J.: 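First, the structure itself, so that you have it in front of you.
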Amino acid sequence: MEVMAGLPELLAAALQPAFDRFEPGSDPVVRPSGRAGVDFQANGAMALAKRLSQRPSEVAEQIVGWADLQAVCSSVEVSAQGFINLTLADSWLAGRVGLHAGDPRLGVVPAPRAMTVVVDYSHPNVAKEMHVGHLRTTVIGDALCRLLSFAGHTVVRENHIGDWGTPFGMLIEHLLDIGEEEAAHELSVGDLDSFYRASRAAFDASPEFQERARHRVVLLQSGDPETLRLWQVLVDQSVAYFQAVYERLDVLLQPSDVVGESSYNDLLPVVVQELDERGLLVVSDGARCVFPEGFVNRDGTPLPLIVQKSDGGFGYAATDLAALRDRFGRLAADLALYVVGAPQAQHLAMCFAVAEAAGYLPSAEQAVHVPFGNMLGADRKMFKTRAGATVKLGDLLDEAVVRASAAVAERSELDAGERAAVARMVGIGALKYADLSTDRIRDYVFDYDRMLAFDGNTGPYLQYARVRCLSIFRRASLEIADFLNGSVEVVISEPPERALALALLGFSAAIDETLATWSPHKLCTYLFDLAGLYTTFFESCPVLKAPSPEVRDSRLVLCAVTAATLGLGLSVLGIEAPERM
RNA sequence: GCCCCUGUAGCUCAGUCGGAUAGAGCGGCUGCCUUCUAAGCAGCGGGUCGCAGGUUCGAGUCCUGCCGGGGGCGCCA
């Protein structure tokens, strides 16, 4: 079987020889067409005509005359302005969908060169509650991991948790004050915020506590075994708590993916030494810095990346550099993605620049910041992550399931046993889809009603469309697999069948575009359009009561491929799909 | 002050390497459950694509300037 390719590429390839006769290598510029009755349009003739000082429509006419599109298109027309309008033949389209149905990957070709990709995402802080600010990095990062795996790459998930730094002196002393058992209990029930706040309160209230905390930091940094043991208690309890959240959210992260800041401690002096050896290090105001080119601060003077502070402590830049060294060295990564908020853009750009200069990063394009916009409060300001009260991620997940349970109870005919599982998939699916379905770079205002909507362009709408595909097979006691082996002929008679078929063939392009730009919302948009076209088809084209057995079987193929596409699409986004709802 | 991101329908957002008459969801209005799941469908109404220039056969898309919003700019991470 020929390698499945996207329709635009296929048409462009068919037109290329004709374009080459005018000007070798000129681009046919094939795009989907919005015009009624036209599937694609080739716009390249107009630019070509301009360059050759000829009439666009005449150039287009000649190209059409030379091109061999008989087998593929039912109509090829040239507009007065020089657009070439291409309409695929129903029979060709039907045959194409038949092939598509037999492909378990639904037309998505594995990446020609499999890479090792490190994805850095989620990164919550030890002894701190996961809040809604962690949602975007976690959900987007997880979707990218799944997409990359599906594309054939080796994915190394790294959860770069905040498990080191001066706050731990305070946290450990507080742990001792309330007793290990009580501390472990508080942390294990996920009440990290009150633990952290109580530590902070003790620190602010008592000079004696402050002194103990400072001393404890020294003990921690010097590797005192008992202090490390207490620190480990905090880390272990926190990681267990994170894991509970991840499982509720249905993300891939495991405790074994945790590579906390502390894991680079031994590397930090090495990094400093190597930066020094390469002549990159400059001491400025007592701090050891690198001044990457092109970065300036307020007054126009060069902006430093502070690697080692004047007090001898290492800044987080040192940790980030060590992580880059580790990822491209020990792990031999081909690519590292940083699913980190947009405010860190400058910091990461500086780290990447320094890492490249230091030889840690082989080439600039191999480290990619995948930024996302801020979650804003009702006041349109950034949700505070430091002192300010924000919404706990756990509370948001609770609310998602509560609302979904109510919706399931109200709308679904499922029995009680199935309802809980479906409510979880619907609620969490709605929440994740809400985050994935808009361009990640944009800021958005935190809003329960928007994030947990179940109608319209939402996760549940996609789940529901798939459920409606599956219910047809259940109703008729048919196996969906029998319609996904390429053995059943597809015929196209009604417009909704045709529109659905055309959309199904666009899956690989949607995946490609999503990965090319690290933008899950592109796949969401595709799936939503597909679900809408399926629903139109579902409303107007009876399947089990089709006019003939041939049409019935053909429509069953369309249902089967739609279900498979929605299921696979949701799956690579990290959204579960129930069998019924 | 400098830099980054952003501005599209009442609200929330899509809009592909610049293509023809800018789309969807929510909300509003009108219909549609005796036929495969109404978390749905069909239809109506809704636009100075922030503003002004420029490039181009063609600009929501590219360039410049201005305005509004968010963020960043040396020892927190």
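Here the structure is a predicted model, which is why all the values come from computation and not from measurement.
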J.: For B/G45 versus B/C26, give the span between their C1' atoms, rounded off to a whole number of Å.
T.: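 Taking atom C1' in both B/G45 and B/C26, they lie 15 Å apart.
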J.: When you measure from the side-chain N and O atoms of A/Arg442 to the phosphate of B/G7, is any distance below 4.0 Å, counting only OP1 and OP2?
T.: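 Checking B/G7 against A/Arg442, a side-chain N or O does come within under 4.0 Å of OP1 or OP2.
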J.: Considering every strand and a 4.0 Å limit on heavy-atom distances, what is the contact class for A/Phe528: base, sugar-phosphate, or nothing?
T.: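 The residue A/Phe528 makes sugar-phosphate contact but no base contact.
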J.: Kindly indicate, with the supporting measurements, whether the criterion side chain to side chain contact (heavy atoms under 4.5 Å, CB included) is fulfilled by A/Tyr338 and A/Tyr121.
T.: CA-CA 7 Å; A/Tyr338 286 74; A/Tyr121 69 111; over 6 Å; no
J.: Is the shortest side-chain N/O distance from A/Lys50 to OP1 or OP2 of B/G19 below 4.0 Å?
T.: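 Answer no for this pair, as no side-chain N or O of A/Lys50 is under 4.0 Å from OP1 or OP2.
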J.: Does a side-chain N or O of A/His521 approach OP1 or OP2 of B/G15 to a distance below 4.0 Å, or not?
T.: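 Result: yes.
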J.: I want to verify the glycosidic state of B/C32; is it syn or anti under the 90° rule?
T.: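 B/C32: anti.
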J.: Return yes if the base of B/A77 and the side-chain atoms of A/Asp163 contain a donor-acceptor N/O pair under 3.5 Å, otherwise no.
T.: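 It does not, because no donor-acceptor pair links the side chain of A/Asp163 to the base of B/A77 below 3.5 Å.
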J.: Taking only side-chain nitrogens and oxygens of A/Thr536, does any of them come within less than 4.0 Å of OP1 or OP2 of B/A42?
T.: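 Looking at the OP1 and OP2 atoms of B/A42, one of them is under 4.0 Å from a side-chain N or O of A/Thr536.
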J.: Which one, B/U8, B/U35, B/G74, comes nearest to the side chain of A/Arg298?
T.: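 The answer is B/G74.
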J.: Would you call A/Arg288-A/Asp311 a salt bridge at under 4.0 Å N-O?
T.: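 No, A/Arg288 and A/Asp311 are not salt-bridged.
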J.: Regarding A/Val408, tell me which of base, sugar-phosphate or nothing describes its non-hydrogen contacts under 4.0 Å with the strands shown.
T.: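 Base contact.
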J.: Base, sugar-phosphate, or nothing for A/Asn297, non-hydrogen atoms under 4.0 angstrom?
T.: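 If one applies the 4.0 Å heavy-atom cut-off, A/Asn297 turns out to touch a base.
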J.: Please measure how far the P atom in B/A9 lies from the corresponding atom in B/A22, and state the result in whole Å.
T.: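 The same atom, P, in both gives a distance of 14 Å.
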J.: Please state the P separation for the pair B/C2 and B/G46 - nearest whole angstrom.
T.: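 To the nearest whole Å, 43 Å.
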J.: Among B/A20, B/G71, B/G74, find the nucleotide with the atom closest to the side chain of A/Gln41.
T.: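 Of the candidates, B/A20 comes closest.
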J.: Can you see if the side chain of A/Tyr433 gets near the phosphate of B/G25 - specifically, an N or O under 4.0 Å from OP1 or OP2?
T.: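 Checking B/G25 against A/Tyr433, no side-chain N or O comes under 4.0 Å of OP1 or OP2.
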J.: With sugar-phosphate meaning primed atoms plus P, OP1 and OP2, does A/Cys524 contact a base, only sugar-phosphate, or nothing at under 4.0 Å between heavy atoms?
T.: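 Nothing: the residue A/Cys524, judged by heavy atoms under 4.0 Å, touches no strand.
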J.: When the P atoms of B/A14 and B/G58 are compared, how many Å lie between them, rounded to an integer?
T.: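 After rounding to an integer number of Å, I get 29 Å for this pair.
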J.: Looking at A/Glu576 and A/Arg424, is any side-chain nitrogen of the basic one under 4.0 Å from a carboxylate oxygen of the acidic one?
T.: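 A salt bridge links A/Arg424 with A/Glu576.
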J.: So does A/Lys381 get a side-chain nitrogen or oxygen closer than 4.0 Å to the phosphate oxygens (OP1/OP2) of B/G70?
T.: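 A/Lys381 to B/G70 OP1/OP2: side-chain N or O found under 4.0 Å.
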J.: With hydrogens left out and only the distance checked, is there a donor-acceptor pair under 3.5 Å joining A/Thr458's side chain and the base of B/G25?
T.: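 Counting by modelled atom types and ignoring angles, no donor-acceptor contact under 3.5 Å is found here.
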J.: Between A/Arg498 and A/Glu494, does any NZ, NE, NH1 or NH2 come within less than 4.0 Å of an OD or OE carboxylate oxygen?
T.: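 So A/Glu494 does not pair with A/Arg498 through a salt bridge.
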J.: Look at all strands and tell whether A/Gln346 reaches a base, only sugar-phosphate, or nothing, counting heavy atoms closer than 4.0 Å.
T.: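 It contacts sugar-phosphate atoms only.
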J.: B/C36 phosphate, OP1 or OP2: any side-chain N/O from A/Arg552 under 4.0 angstrom?
T.: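 Looking at the OP1 and OP2 atoms of B/C36, neither is under 4.0 Å from any side-chain N or O of A/Arg552.
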J.: Quick one: label A/Arg31 by what it contacts on the DNA or RNA (base, sugar-phosphate, nothing), any heavy atom closer than 4.0 Å.
T.: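 A/Arg31: base contact, heavy atoms under 4.0 Å.
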J.: Using a 4.0 Å heavy-atom cut-off across all strands, classify A/Asp447 as base, sugar-phosphate, or nothing.
T.: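 Nothing: the residue A/Asp447, judged by heavy atoms under 4.0 Å, touches no strand.
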J.: So what does A/Asn43 hit on the nucleic acid, given a heavy-atom distance under 4.0 Å: a base, only sugar-phosphate, or nothing?
T.: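 Base contact - A/Asn43 has a heavy atom under 4.0 Å of at least one base atom.
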J.: Counting only side-chain N and O atoms of A/Tyr464, is one of them less than 4.0 Å from OP1 or OP2 of B/A39?
T.: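 Yes, because at least one side-chain N or O of A/Tyr464 sits under 4.0 Å from OP1 or OP2 of B/A39.
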